[in-house]
Amino acid sequence: MKPLQISPETAVKLAEQLKVPLEHLMHMPQHILLQKLAELAKNSTSENSEPETK
C-alpha cells in the first residue's frame, strides 16, 4: 500500500484533527480516511449549529 498523496502540512493538520499519529495517517487506507473525515465534518457541523432561542 502506498502512502497517501497529500502535502506534509495537510497531513500534520489531519493527524491533529483526527487524533492519530502521523505515521498511521499516512498509511491509512483511503476509504477509512474518507470515513473518518466524514465523521469529523458531521461532528463539527452539529457543534456549530446552535438552536435559536427567542
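Along the sequence shown, residues are numbered consecutively beginning with 1.
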Exercise. CD/E39 to CG/L18 distance, rounded to the nearest 0.5 angstrom?
Worked result: 9.5 Å
Exercise. Can you tell me how far CG of L37 sits from NZ of K42, rounded to the nearest 0.5 angstrom?
Worked result: 14.5 Å
For this session: Calculate, to the nearest 0.5 Å, the distance between atoms CG and CE belonging to L34 and M28 respectively.
Result: 10.5 Å
For this session: With rounding to the nearest 0.5 Å, note down the distance linking NZ in K19 to CG in L25.
Result: 13.5 Å
Problem set entry | Minimum heavy-atom distance P21-A15, with the two atoms named | C-CB, 4.5 Å
Exercise. Atom CD1 in I6, atom CD in Q30: separation rounded to 0.5 Å?
Worked result: 10.0 Å
Seminar exercise, completed: Rounded to the nearest 0.5 angstrom, the CE-CG distance for M26 and L33 is 10.0 Å
